[in-house]
Amino acid sequence: MNTISLYLEEFLWYHHLGLLAAIDSQDFAAYGLEVKLVCPQYHTQGLDKVAKGEIDFALSEPIHTLPLQVQGKSIISIAQLFELQQSSVMARADKVTTATDFLGKRLGYPTAPSRNGPEILRQVAQANGVSLEPKSIERIVVGNDLIGALESDAADIVLVTAQHSILLAQQKQLPVNIFSTEEAGIPSFGHNVLVTRQDVIESHSDLVQRLVKAIAKGTQRVQSDWNYARVLARKYISFPPEQGEAFLEQTLPILTMGLQQPATIWQRVQGWMHETGLLRKTISTDRIFTNEFALTVG
């Protein structure tokens, strides 16, 4: 039995249901694995630990993995758990009416601020005919509850996914204005991926294959049995069931059944990050991700 500490990219949420099913239904155990899910202290903690060789597996997103990969870190994505289909800039309606109002506002981050947020706001503003200097945006840490940060006036603007955060704002009847990032030419960048290091693949390819197969099995379970997915959500996810049902309905259809990763997703995100200066160069996709394990899932 191999024991694995798998760092999540945040707290347990609906897109982790495939992992929860693999634990609950003993799919990991059937493949000789004991997997412990770890909620990070900050958003990229697991990714950073993989890069340093402290752990072998973590969940992250392309927008976070690519800068490290361009720097020469041997991080590689081995599976995609779900495909984020839309992302947006969400702002308090009493603070931001148009993109002109981005100037000087507080952009809330779950954890350590990065360069990505102000650049996204700059591009969204530009698409709306507004010139915005990224340095004019105040970056603050508000924790994982981004909608709560808007509600309590701890932040003026947050970057969110349509699948969850917009729905939650509607449920809370929070007056917000939404600005589409895709309409501004920014590709969806939050696809949930499983990363490891190249040396792990080279020395423990069988373990990697077993891990991916078990996750795929768990994903198939929840997608084929929504009632089971509902039971898991109520058991493991801290959210009122009457509100969580809508999240369940939004999330299950976009889980990646075979865990395969479309090259176009990585190409779009890398191209956009390079064009905007968030990446100093581009690298070949074979250094970014592999479908070697996902494609063999039966």
Side-chain angles (χ1 to χ4, degrees), residues 9-10 13 15 43-44 61-64 66-67 82-192 247 250-251 254 265 268-279:
E9 79 290 3
E10 56 184 355
W13 200 243
H15 60 269
H43 190 60
T44 62
E61 295 94 15
I63 200 170
H64 299 306
L66 281 165
F82 82 103
E83 181 179 347
L84 177 66
Q85 297 175 326
Q86 186 177 352
S87 54
S88 305
V89 173
M90 179 186 291
R92 283 178 57 107
D94 62 339
K95 298 292 186 69
V96 177
T97 302
T98 69
T100 304
D101 299 324
F102 289 170
L103 182 66
K105 293 301 187 295
R106 300 166 297 166
L107 173 62
Y109 283 77
T111 55
S114 69
R115 296 170 55 206
N116 301 331
E119 176 56 36
I120 290 171
L121 289 187
R122 184 199 68 78
Q123 194 164 338
V124 170
Q126 183 180 47
N128 284 272
V130 178
S131 178
L132 176 69
E133 171 56 52
K135 292 181 180 179
S136 69
I137 301 298
E138 181 182 357
R139 299 178 297 168
I140 59 174
V141 175
V142 296
N144 286 318
D145 187 2
L146 297 178
I147 305 306
L150 291 181
E151 189 176 28
S152 65
D153 198 21
D156 305 314
I157 303 171
V158 294
L159 302 178
V160 302
T161 61
Q163 282 83 2
H164 294 150
S165 298
I166 292 178
L167 180 58
L168 182 57
Q170 292 171 345
Q171 291 174 340
K172 287 176 171 286
Q173 297 184 325
L174 179 66
V176 295
N177 285 320
I178 306 296
F179 301 84
S180 170
T181 54
E182 291 179 327
E183 291 178 5
I186 302 171
S188 295
F189 48 75
H191 309 286
N192 201 219
F247 292 120
Q250 283 193 337
T251 303
I254 65 170
I265 288 177
R268 286 197 301 265
V269 176
Q270 181 177 219
W272 168 72
M273 293 185 74
H274 183 246
E275 290 171 3
T276 56
L278 295 172
L279 291 179

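The residues of the chain are indexed from 1 along the displayed sequence. Because the structure is a prediction, the values reported are computed rather than measured.
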Atom [atom1] in [X], atom [atom2] in [Y]: separation rounded to 0.5 Å?
X	Y	atom1	atom2	answer
Trp13	Asn192	CH2	CG	14.0 Å
Leu103	Leu121	CG	CG	11.0 Å
Ile63	Leu159	CD1	CG	8.5 Å
Glu275	Ile186	CD	CD1	11.5 Å

Sub-3.5 Å donor-acceptor pair from the side chain of [X] to the main-chain atoms of [Y], do we have one?
X	Y	answer
Gln123	Ala184	yes
Thr181	Ser87	yes
Tyr109	Ser114	yes

Where do [X] and [Y] come nearest, in terms of heavy atoms and distance?
X	Y	result
Val96	Thr98	CG1-O, 3.5 Å
Ile166	Ser88	CD1-OG, 3.9 Å
Trp272	Gly185	CD1-O, 4.2 Å
Phe179	Val124	CB-CG1, 3.8 Å
Ser136	Leu132	OG-CD1, 3.4 Å
Arg139	Pro118	CD-CG, 3.5 Å

Item to complete: Using a 4.5 Å cut-off on heavy atoms from C-beta on, say whether the side chain of Ile178 contacts that of Val89.
Response: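 No, side chains not in contact.
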
Discussion item. I'd like to check Pro134 versus Arg115 (side-chain heavy atoms, cut-off strictly below 4.5 Å). Are they in contact?
Written reply: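 Not touching, per the 4.5 Å side-chain cut-off.
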
Practice prompt. Determine, step by step, whether Ile137 and Arg122 satisfy the side chain to side chain contact (heavy atoms under 4.5 Å, CB included) criterion, reporting the C-alpha distance in whole Å, the side-chain angles of both residues, the deciding distance to 0.1 Å, and the verdict.
Written response: CA-CA 9 Å; Ile137 301 298; Arg122 184 199 68 78; over 6 Å; no

Discussion item. Which residue in the set Glu182, Glu61, Glu83 passes side-chain hydrogen bond (donor to acceptor under 3.5 Å, both in side chains) when paired with Ser188?
Written reply: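 It is Glu182; the other options fail the test.
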
Discussion item. Exactly one of His15, His43, His64 should register a side-chain hydrogen bond (donor to acceptor under 3.5 Å, both in side chains) with Glu9. Which one does?
Written reply: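 Going through the options one by one, the only one that passes is His15.
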
Compile the donor-acceptor pairs under 3.5 Å between side chains in residues 150-158 and protein atoms, sequence neighbours left out, one pair per line.
from   : atom 1 : to     : atom 2 : distance (Å)
Glu151 : OE1    : Lys172 : NZ     : 3.3
Ser152 : OG     : Gly148 : O      : 3.0
Ser152 : OG     : Ala149 : O      : 3.4
Asp153 : OD1    : Lys95  : NZ     : 2.8
Asp153 : OD1    : Arg106 : NH2    : 2.9
Asp156 : OD1    : Lys95  : NZ     : 3.1
Asp156 : OD1    : Arg106 : NE     : 3.4
Asp156 : OD1    : Arg106 : NH2    : 2.7
Asp156 : OD2    : Arg106 : N      : 2.8
Asp156 : OD2    : Arg106 : NE     : 3.1

